[in-house]
Amino acid sequence: MKLPHILAVDDDSSVLEALKRDLRQQYRKNYRILATTSANEALDSLKDLKKKGEEVALFVSDQRMPEMLGVDFLKQAKTLFPDAKYTLLTAYSDIEAAVRAINEVQLDYYIGKPWNPPEEKLFPVLDDLLSDWQIRHRPAFEGLKLLGYQFSPRSHELKDFLAGNLFAYQWLNVETDPDADKLLELQGLDRKALPVLLLEDGTALAQPTIQEVGEKLGLSPTAKQDIYDLAIVGAGPAGLAAAVYGGSEGLKTILIDKRAPGGQAGTSSRIENYLGFPSGLSGADLARRAITQAQRFGVEFLAPQEVTSIESKGQYKHINMADGSKVVARSILLSTGVSYHKLENESLDRFTGAGVYYGAATTEAYAFKGQPVFVVGGGNSAGQGAMYLSRTASEVTIVIRKPDLTATMSQYLIEQIEHTPNIRVLPFTEVGEGLGEERLECLVLKNTESGETQTVPAAGLFIFIGAKPLTDWIEMNIIKDEKGFIATGRDLVPYDEFKKSWKLPREPFALETCSPGIFAAGDVRVGAMNRVASAVGEGAMAVSFVHKYLAET
Ligand SMILES: Cc1cc2nc3c(=O)[nH]c(=O)nc-3n(C[C@H](O)[C@H](O)[C@H](O)COP(=O)(O)OP(=O)(O)OC[C@H]3O[C@@H](n4cnc5c(N)ncnc54)[C@H](O)[C@@H]3O)c2cc1C
């Protein structure tokens with residue numbers, strides 16, 4: 001097997017020599033190190049590598065070079081190897097340029113010169129980037145293969161599940177990929193069996209449920225212990241943070257999710273405002289790091305497993321699951337977050353998974369290569385989705401009812417959108433209707449001021465609107481506001497039901513619901529901030545209240 005490459009470029013031959021020496025020392029076992037003093041020569045070599053089907057995992061480029069600036073070199077390199085990791089070597093005076101490059105070329109990191117000792121200043125950064133690259137990277141013919149029709153809701157559900165649970169897989173659309181029918185034939189199957197998942201051991205699952213896939217791939221749907229100190233329902237940022245703190249502080253902790261770790265954040269193509277990650281990180285990376293961290297502290301992770309009800313029986317809480325199994329715990333954290341509002345529109349409903357998607361920009365973006373797509377919503381998630389889609393789609397139109405994005409989207413995203421030529425914003429507009437035979441083909445858009453309508457070609461519609469708390473399933477007496485968000489701490493005080501039911505001599509803790517020992521954190525809570533950092537903060541905070549509660553029982 002050919003080793004992937006690391007490419008270093010610096011016009012100063014003595015700096016390049018030192019860099020080459022350090023890179024070889026650390027990475028030569030797993031990567032081929034290429035080094036050159038000429039950016040143009042490097043671009044020629046890259047074209048050759050591309051032709052030969054070889055791979056580049058990492059670029060390390062100097063910023064100030066006579067032929068071209070490092071940022072410009074990386075921009076060109078990115079068109080050839082978009083999935084590689086990009087770092088810039090900078091002198092102190094170039095840091096401003098490097099920070100700008102984070103937005104311009106989606107730079108992964110900048111490294112200050114000199115980088116001595118490399119064990120402290122170079123290798124930890126590059127190790128981290130290369131491990132991210134390795135996770136995404138699968139050489140041809142290895143790993144899972146999913147075969148199906150592009151515009152099939154069931155195929156979409158499986159793609160979403162595999163991606164969410166960080167399983168690398170190859171997608172083969174039977175209508176465009178000539179290998180797909182051959183692979184089906186080898187299994188003795190035909191297109192009626194689609195979607196089909198081919199496993200690494202050579203076996204096939206025809207039309208599997210996500211539970212069957214989860215089980216086959218080693219995800220655990222059943223609890224191992226009889227009783228836990230803390231059961232966390234929902235593995236978004238709030239649940240993951242609570243799991244890390246619970247596990248690290250000695251609580252016997254179980255984390256349950258109906259789909260995959262990461263929650264909404266896991267579907268984000270790039271979170272740019274999370275503390276400590278100056279060049280941003282993808283939701284999938286955040287989820288992978290967090291679930292690994294939680295499991296390292298002994299937390300049990302149950303997925304895919306949907307919690308359908310909870311009950312409080314004195315000091316024990318029962319958590320009932322969709323498959324009829326049960327977990328017993330001394331405390332519960334509800335961190336089930338929110339989901340997107342559905343666009344109430346029958347003409348769109350029939351295309352859900354066949355051109356119309358809720359979120360899901362990262363899983364489906366490549367299916368819309370060279371085609372026009374629409375994004376509905378003006379929040380940060382819509383902005384990130386549009387940026388991600390703009391890499392492949394011919395044009396991305398953001399449809400909003402408001403006059404502009406200023407009231408709803410962060411300034412950094414607005415600027416990125418303004419600088420992206422194939423994204424346009426359509427204000428005072430709503431989606432009226434979806435048209436098409438088997439899949440979405442056109443949209444009817446309505447101007448909310450003039451009432452005028454226009455029909456436009458649209459291959460995809462990605463909806464990022466609203467936030468509906470996932471609490472309908474909670475039948476027990478947990479106080480929620482009129483929209484279904486869970487009331488905790490002081491927010492409980494105005495409710496008459498609370499005055500009647502709360503029997504403890506103390507007030508509820510800040511994140512405690514009206515049922516002692518049942519807590520809520522993150523987007524599902526009344527007054528939530530809808531940010532990754534605040535969900536993480538609340539998850540961590542909830543664990544300290546769990547300790548206090550357990551100490552009194
Ligand atoms: C596309 C996108 C981009 C975003 N970008 C940013 C950003 O850049 N910066 C930022 O700060 N914020 C961002 N946000 C917002 C941020 O992701 C959320 O505020 C955060 O994820 C909330 O975390 P949470 O843990 O409360 O809930 P969620 O992330 O919603 O997670 C809830 C979890 O609970 C699970 N669940 C629900 N019901 C059940 C059940 N009955 N049984 C079992 N499991 C269940 C779900 O499967 C899910 O995994 C973004 C959101 C989206 C959608």
Side-chain angles (χ1 to χ4, degrees), residues 160-161 164-165 210 221 231-243 254-275 277 280-284 286-287 290-291 301-310 319-323 327 332-341 357-363 375 377 379-389 409-410 412-413 416 462-475 484-486 511 520-525 528-540 542:
D160 209 37
F161 176 71
N165 280 287
I210 60 168
I232 303 165
V233 188
L240 284 164
I254 186 163
L255 174 65
I256 308 164
D257 200 288
K258 64 178 179 179
R259 185 181 153 267
Q264 297 167 70
T267 66
S268 161
S269 46
R270 204 167 179 90
I271 301 166
E272 306 212 33
N273 53 4
Y274 189 50
L275 186 73
F277 293 87
L281 87 167
S282 74
L286 180 69
I291 194 69
F301 180 49
L302 233 60
Q305 189 58 276
E306 181 168 1
V307 174
T308 49
S309 66
I310 50 171
I319 297 109
N320 303 312
M321 252 85 66
D323 68 351
V327 164
I332 295 180
L333 175 67
L334 298 169
S335 48
T336 49
V338 298
S339 71
Y340 293 111
H341 273 308
Y357 305 93
Y358 288 84
T362 48
T363 9
V375 166
N380 280 355
S381 50
Q384 285 180 8
M387 283 300 296
Y388 193 80
L389 288 160
M409 198 178 284
S410 297
Y412 77 91
L413 267 173
Q416 285 183 10
F462 294 81
I463 299 161
F464 295 85
I465 49 161
K468 184 177 164 304
L470 292 171
T471 55
D472 289 351
W473 59 275
I474 306 174
E475 282 170 4
F485 290 95
I486 299 175
L511 299 178
D523 282 10
V524 77
R525 220 174 51 77
M529 297 292 157
N530 311 113
R531 295 279 186 278
V532 175
S534 51
V536 166
E538 288 187 11

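In this text the structure is predicted, and so the values were computed from the model without any measurement. In listed order, ligands and their atoms are each counted from 1.
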Write down the atom of D523, the atom of N530, and the distance for their closest heavy-atom approach.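 Looking at all heavy atoms of both residues, the shortest contact is OD1-CA, 3.2 Å.
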Shortest non-hydrogen contact from G239 to S335?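 Result for this residue pair: CA-OG, 3.4 Å.
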Which residue, Y357, F464, F462, forms the ring-ring contact (aromatic ring centres under 6.0 Å, His included) with Y340?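 One option only clears the test, and that one is F464.
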For E475 and S309, test the side chains for any donor-to-acceptor distance below 3.5 angstrom and give the result as yes or no.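 Result is no, nothing qualifies.
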Is the backbone of G484 close enough, under 3.5 Å, to the side chain of T471 for a donor and an acceptor to pair up by distance?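 Pair found, side chain donor or acceptor close to backbone of G484.
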Under 4.0 Å from ligand 1, counting heavy atoms only: the protein residues, by chain and number: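 The 4.0 Å shell around ligand 1 contains V233, G234, A235, G236, P237, A238, I256, D257, K258, A260, G263, Q264, A265, T267, S268, I271, N273, Q305, E306, V307, S335, T336, G337, V338, Y340, S381, Q384, L470, W473, G522, D523, N530, R531, V532, A535.
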What pairs with R531 under salt bridge (charged side-chain N to carboxylate O under 4.0 Å, His left out), at least two apart in sequence or on another chain?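 R531: no salt bridge (charged side-chain N to carboxylate O under 4.0 Å, His left out) contacts found.
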